[in-house]
Amino acid sequence: MSSHHVDAFTPRRMLLAGRDAERVAADLARALPELETRTVRHGPLTEEDAAWADSYVGFTVPPGLERSGIRWMHLPMAGVDRVVADLAGTDVVLTRTVGAMPRRIGSYVLAHLLADAWHLREYAAQQLAARWEPLGPTRVEGSTAVVLGTGEIGSGVAGALRAGGYRTVGVNTRGTAAPAFDDVVALTDAGPHLAECAALVGALPLTDATRGLIDAGLLARLDGAVVVNVGRGASLVPEDLRAALDAGHVRRAVLDVHETEPLPAEDWRWRDPRVTVTPHISGPTEPQDVVEAVLAAYEALTAGRRPPLAVDLGRGY
């Protein structure tokens, strides 16, 4: 797909699957009365739906899509790794939803880092024991937070952390500047920043290059940092994290994403007091976010422009 131009295409008949599908369909009907919609269950497309639709909104690629007339698929979420492989080799335009997710994820990361800096877990335990014991000073103003990934999510994290008093260093492949950060460096140049940072935040999409990137070698460069992962679970090697916690390279880990979800009950991360596990809740997508993203993509497609949140299937993001 060209970076600026696609063949003009005016969607006429859209299938919507998944949670909030009926609400999104109702809002689209008001905004685009010329667009017909149907809500369907997740799963294989019926022959009738496959023949009727030219566009689809859902969390997964429906079986039978290759036999349909669907030319545009929209994801009601930001992560695309679960669908890219299924669309490889097709001419389907894939778009996604970001909305207010970067700001929401940024507030999640800041909340956990401030809770750590202010010793809130320790004070909660002291309260239960009726123990009055002031702990060390906060470690926020001027502390460095390194963010792996400088896209929408990483930039949202950087904005929240800068507002909270952190100096933010973004890390991407080439060190390409990004305005949300105080500084941006290439991954190959990140060593000195990793050694001094108070926090390392994973905000990476999942690609062949990022799978397992947060490994023993990277974690060994840290010196008692807090690690927060809000990108993709498979970008972090869990047993390497465990070893880094034992060695003191990592002091605490906050994990909202995991390589297997739900995280199995027997997994060590549930019971390790140094780890906080949350069930992939840091970046909720609201129905209005989906509606606005669909409308923006629709406008671009009908004008023959690349939609603003189109996915490059070759790059995987």
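Just so it is clear, the values below take in all heavy atoms, side chains as well, and ignore hydrogens, waters and symmetry mates. Numbering starts at 1 and runs along the sequence shown. Small disclaimer: the values here were computed from a predicted structure and weren't measured.
In summary, Asp91 and Arg71 do not engage in a salt bridge, as defined by a charged side-chain N under 4.0 Å from a carboxylate O.
Taking 4.5 Å as the limit, some side-chain heavy atom of Asp267 sits within range of a side-chain heavy atom of Trp270. Two residues are said to be in side-chain contact when any heavy atoms from C-beta on lie closer than 4.5 Å; Val291 and Leu28 meet this criterion. At a threshold of 4.5 Å between non-hydrogen side-chain atoms, the residues Tyr108 and Ile281 count as touching. When side chains are defined from C-beta on, Thr276 does not count as touching Leu255, because their heavy atoms never get closer than 4.5 Å. Taking 4.5 Å as the limit, some side-chain heavy atom of Leu241 sits within range of a side-chain heavy atom of Val250. Between Val24 and Pro76, every side-chain heavy-atom pair lies at or beyond the 4.5 Å cut-off. When side chains are defined from C-beta on, Asp223 does not count as touching Leu194, because their heavy atoms never get closer than 4.5 Å. At a threshold of 4.5 Å between non-hydrogen side-chain atoms, the residues Asp215 and Leu213 do not count as touching.
Listed here is the closest heavy atom pair of Leu187 and Leu218: CD1-CD1, 4.4 Å. Residues Phe181 and Gly154 share a closest heavy-atom pair of CZ-O, 3.4 Å. In this structure, Ile153 and Ala203 approach most closely via the heavy-atom pair CG2-CB, 4.1 Å. The shortest heavy-atom contact between Val171 and Ala190 is CG2-CB, 4.1 Å. Counting all heavy atoms, side chain and backbone alike, Ala25 lies closest to Thr39 at CB-CG2, 4.1 Å. Taking both residues in full, the closest heavy atoms of Ala21 and Ala17 are given as CB-C, 3.9 Å, listed atom of the first, atom of the second, then distance.
Judged by distance alone, with hydrogens and angles left aside, the side-chain atoms of Asp54 form a donor-acceptor pair with the main-chain N or O of Arg13 at under 3.5 Å. With hydrogens and angles disregarded, a donor-acceptor distance shorter than 3.5 Å links the side chain of Asp256 to the backbone of Ser282. No side-chain donor-acceptor contact under 3.5 Å links Arg167 to the backbone of Ala145. With Thr207 contributing its side chain and Thr210 its backbone, the two residues share a donor-acceptor pair below 3.5 Å. A donor-acceptor pair is defined here as one N or O able to donate and one able to accept, closer than 3.5 Å; no such pair exists between the side chain of Arg96 and the backbone of Val311. Not a single donor-acceptor pair under 3.5 Å links the side chain of Glu261 to the backbone N or O of Pro279. In terms of modelled atom types and a separation under 3.5 Å, the side chain of Ser155 and the main chain of Thr150 share a donor-acceptor contact. When atom types are taken as modelled, the side chain of Tyr123 and the backbone of Leu135 share a donor-acceptor pair closer than 3.5 angstrom. A donor-acceptor contact shorter than 3.5 Å links the side chain of Asp240 to the backbone of Ala216. For Thr138 (side chain) and Val140 (main-chain N/O), no donor-acceptor pair under 3.5 Å exists by modelled atom type.
Taking hydrophobic clusters as Ile, Leu, Val, Met, Phe, Trp and Tyr residues chained together by side-chain heavy-atom distances below 4.5 Å, Leu309 does not share a cluster with Val84. Connection of Leu219 to Val228 is not established within any shared hydrophobic cluster, with ILVMFWY side chains joined at heavy-atom distances below 4.5 Å, either directly or through further cluster members. Taken together through direct or relayed side-chain contacts under 4.5 Å among Ile, Leu, Val, Met, Phe, Trp and Tyr, Ile105 and Val98 form parts of separate hydrophobic clusters.
Sparse packing is recorded around CG of Asp208, with 12 or fewer heavy atoms of other residues, nucleotides or ligands lying under 6.0 Å away. Within a 6.0 Å sphere centred on CD of Glu22, other residues, nucleotides and ligands contribute 12 heavy atoms or fewer. A 6.0 Å sphere centred on CZ of Arg103 holds no more than 12 heavy atoms belonging to other residues, nucleotides or ligands. Counting heavy-atom neighbours within 6.0 Å of Glu122 CD, excluding the residue itself, gives a total above 12. More than 12 heavy atoms of other residues, nucleotides or ligands sit less than 6.0 Å from atom CH2 of Trp52. Heavy-atom contacts from other residues, nucleotides or ligands closer than 6.0 Å to CZ of Arg174 number 12 or fewer. The environment of Arg121 atom CZ is dense: over 12 non-hydrogen atoms of other residues, nucleotides or ligands sit within 6.0 angstrom. Surrounding CD of Glu34 are more than 12 heavy atoms belonging to other residues, nucleotides or ligands, all under 6.0 Å away.
Of the residues listed (Arg82, Glu259, Arg232), the one engaging Leu206 in a side-chain contact (heavy atoms from CB on, under 4.5 Å) is Arg232, and it is the only one.
For Arg211 and Ser235, the side-chain atoms include no donor-acceptor pair closer than 3.5 Å. Thr144 and His193 are not linked by any side-chain donor-acceptor pair at a separation below 3.5 angstrom, with hydrogens and angles left out of the test. There is no side-chain donor-acceptor pair under 3.5 Å between Thr97 and Asp289.
Met14 CE to Leu32 CG: the interatomic distance, rounded to the nearest 0.5 Å, is 8.5 Å. Note that the CG atom of Asp27 and the OG1 atom of Thr37 stand 10.5 Å from one another [nearest 0.5 Å]. Going from atom CG of Leu120 over to atom NE2 of His112 covers 11.5 Å, rounded to the nearest 0.5 Å. With rounding to the nearest 0.5 Å, the separation of CG in Asp182 from CZ in Arg162 is 4.0 Å. One distance of note links CZ of Phe9 with CH2 of Trp72; it measures 7.5 Å at 0.5 Å rounding. Rounding to the nearest 0.5 Å places CG of Leu204 at 11.5 Å from CG of Asp81.
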Inset, instruction - Test Arg269 against Arg274 for side chain to side chain contact (heavy atoms under 4.5 Å, CB included), laying out the working first. - result: CA-CA 9 Å; Arg269 285 164 282 189; Arg274 303 167 297 182; over 6 Å; no
Inset, instruction - Just do the side chain to side chain contact (heavy atoms under 4.5 Å, CB included) check on Tyr317 and Asp312 with the steps written out, would you? - result: CA-CA 6 Å; Tyr317 57 91; Asp312 185 326; over 6 Å; no
Inset, instruction - Start with the C-alpha gap between Leu113 and Leu161, add the side-chain angles, then the distance that decides, and say whether side chain to side chain contact (heavy atoms under 4.5 Å, CB included) holds. - result: CA-CA 9 Å; Leu113 292 185; Leu161 295 188; 3.9 Å; yes
Inset, instruction - Any chance you could lay out the salt bridge (charged side-chain N to carboxylate O under 4.0 Å, His left out) test for Glu266 and Arg271, step after step, and finish with the verdict? - result: CA-CA 9 Å; Glu266 66 276 9; Arg271 292 171 296 281; over 6 Å; no
Legend entry - salt bridge (charged side-chain N to carboxylate O under 4.0 Å, His left out) evaluation trace for Asp20 with Arg23: CA-CA 5 Å; Asp20 300 318; Arg23 178 175 169 183; 5.6 Å; no
Inset, instruction - Output, in order, the C-alpha distance, side-chain angles, deciding distance and verdict of side chain to side chain contact (heavy atoms under 4.5 Å, CB included) for Val275 and Trp268. - result: CA-CA 9 Å; Val275 178; Trp268 65 272; 3.9 Å; yes
Inset, instruction - Kindly indicate, with the supporting measurements, whether the criterion salt bridge (charged side-chain N to carboxylate O under 4.0 Å, His left out) is fulfilled by Arg242 and Asp272. - result: CA-CA 9 Å; Arg242 191 176 196 175; Asp272 193 314; 5.2 Å; no
